[in-house]
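Below is one structure; the comments refer to it alone.
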Amino acid sequence: MTMAVRSGALDFIGVAFARNARDASNSLTRLTTGRRVVQSADDPAALGVASKLSTRLVSTHRALRNANEGLAVLEVSDGAARAITDTLQRMRELAVQSASDTLTDPHRDPLQTEFSGLLQEIARTAENLEFNGRKLGNGATAALAVQVGVDSEGANRISVTLGDFTLATLGLDGATVEVGSAANARSSIDVVDSALHKVSASRSVYGALISRIEASIRATQQTSYAMTAAEGRLVDADYARETSILTRSRILMLAGQASQAQARRMSRSVVRLLQ
């Protein structure tokens, strides 16, 4: 006849061992993933709030990239406008030189050759200025709306106004805009001054927009940092706490294993005494 002795202590130890093993497994999962809320059952309320924060955080990162792209558009445009300004200043210098009666027309020919080449360079710059396939300097694109926020309202966009640097817009396409004669050179001084004023006005707009977008980037970065910290407080694991729980659970599991072995030996001893 087979005889067995059931130990209530052994059952209790088994339940405690299973609980400690589960606690150790959960702590190890949190330490591995770095998250306190691994599944929705861990903390449904925190997970719901964290999910909304995560959604806005992803959109905030995209808005930051949009703002930086808008900033790049302005910097490219301002760089071209600066180059055109330098060219116009040289053209004005040539006009002033040619306006003097101390020169004869043959002496003005080299000045006119350079003057014409500079006009062509302005036209080329205006036509070829582009960003991501979009023309920025020939009037084809008057303005761009840069999405710097995460919502659909107009306050989340900044309108970037672009300059038109074509010869016609700058008033440089007239037949008398040349320095081949003293009279035309003198009238060209005023024309070039007007063109310089228009380009400078565009650069002033670029500068103001660059400052605004840079301020927007700083504000959005601060918002991003705050949302990241808020999300972390909700779902990130407390490494010190989880390490402590894991260590405690492992110690209790080892103690449980030793207790189970001792309880089994005691049961076998009782059985031998009863035989």
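Hydrogens, waters and symmetry mates are skipped; everything else that's a heavy atom, side chains included, is used.
In terms of the side-chain contact (heavy atoms from CB on, under 4.5 Å) criterion, residue partners of H107 (sequence neighbours excluded) are, by chain and number, L103, T104. Here R212 pairs with nothing under the side chain to side chain donor-acceptor pair (under 3.5 Å) rule; sequence neighbours left out. Shown here are the salt bridge (Lys or Arg N to Asp or Glu O under 4.0 Å) partners of R56, two or more places apart in sequence or in another chain: D151. Under the side-chain contact (heavy atoms from CB on, under 4.5 Å) criterion, D173 pairs with L167, A168, sequence neighbours left out. The salt bridge (Lys or Arg N to Asp or Glu O under 4.0 Å) test applied to R124 returns E121, not counting sequence neighbours. Residues passing the side-chain contact (heavy atoms from CB on, under 4.5 Å) test with E130, sequence neighbours excluded: K135. Take E114 and apply the side chain to side chain donor-acceptor pair (under 3.5 Å) test, not counting sequence neighbours, and it matches R90. Not counting sequence neighbours, the partners of R82 by the salt bridge (Lys or Arg N to Asp or Glu O under 4.0 Å) test are D78. In this structure D105 satisfies the side chain to side chain donor-acceptor pair (under 3.5 Å) test together with R108, sequence neighbours excluded. Listed by chain and number, the residues in a side chain to side chain donor-acceptor pair (under 3.5 Å) with D193 are R92 (sequence neighbours excluded). With sequence neighbours left out, A81 forms a side-chain contact (heavy atoms from CB on, under 4.5 Å) with F165, V199, R203, Y206.
Hydrophobic cluster membership of Y225, counting Ile, Leu, Val, Met, Phe, Trp and Tyr whose side-chain heavy atoms lie under 4.5 Å apart directly or via other members: none, as it forms a cluster of its own.
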*asked:* Before you tell me yes or no, could you show the steps for T141 and L144 under side-chain contact (heavy atoms from CB on, under 4.5 Å), namely the whole-Å CA-CA distance, both residues' side-chain angles and the distance that decides it to 0.1 Å?
replied: CA-CA 7 Å; T141 305; L144 296 173; 3.6 Å; yes
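The distance from atom CG of D101 to atom CZ of R186, rounded to the nearest 0.5 Å, is 4.5 Å.
Of the possible polar contacts, one joining the S187 side chain to the N184 backbone as a donor-acceptor pair under 3.5 Å is found. Between the side chain of S194 and the backbone N or O of D190 there is no donor-acceptor pair closer than 3.5 Å. In this structure a side-chain-to-backbone donor-acceptor pair under 3.5 Å is present from Q112 to V179. Under the 3.5 Å distance criterion, the side-chain polar atoms of S224 are left unmatched by any main-chain donor or acceptor of T220.
Side-chain contact check for L57 versus T228: some heavy-atom pair is nearer than 4.5 Å. By the 4.5 Å heavy-atom criterion applied to side chains, I217 and N68 are counted as neighbours. The side-chain heavy atoms of E214 and R218, taken from C-beta on, include a pair separated by under 4.5 Å.
Sparse packing is recorded around CZ of R134, with 12 or fewer heavy atoms of other residues, nucleotides or ligands lying under 6.0 Å away.
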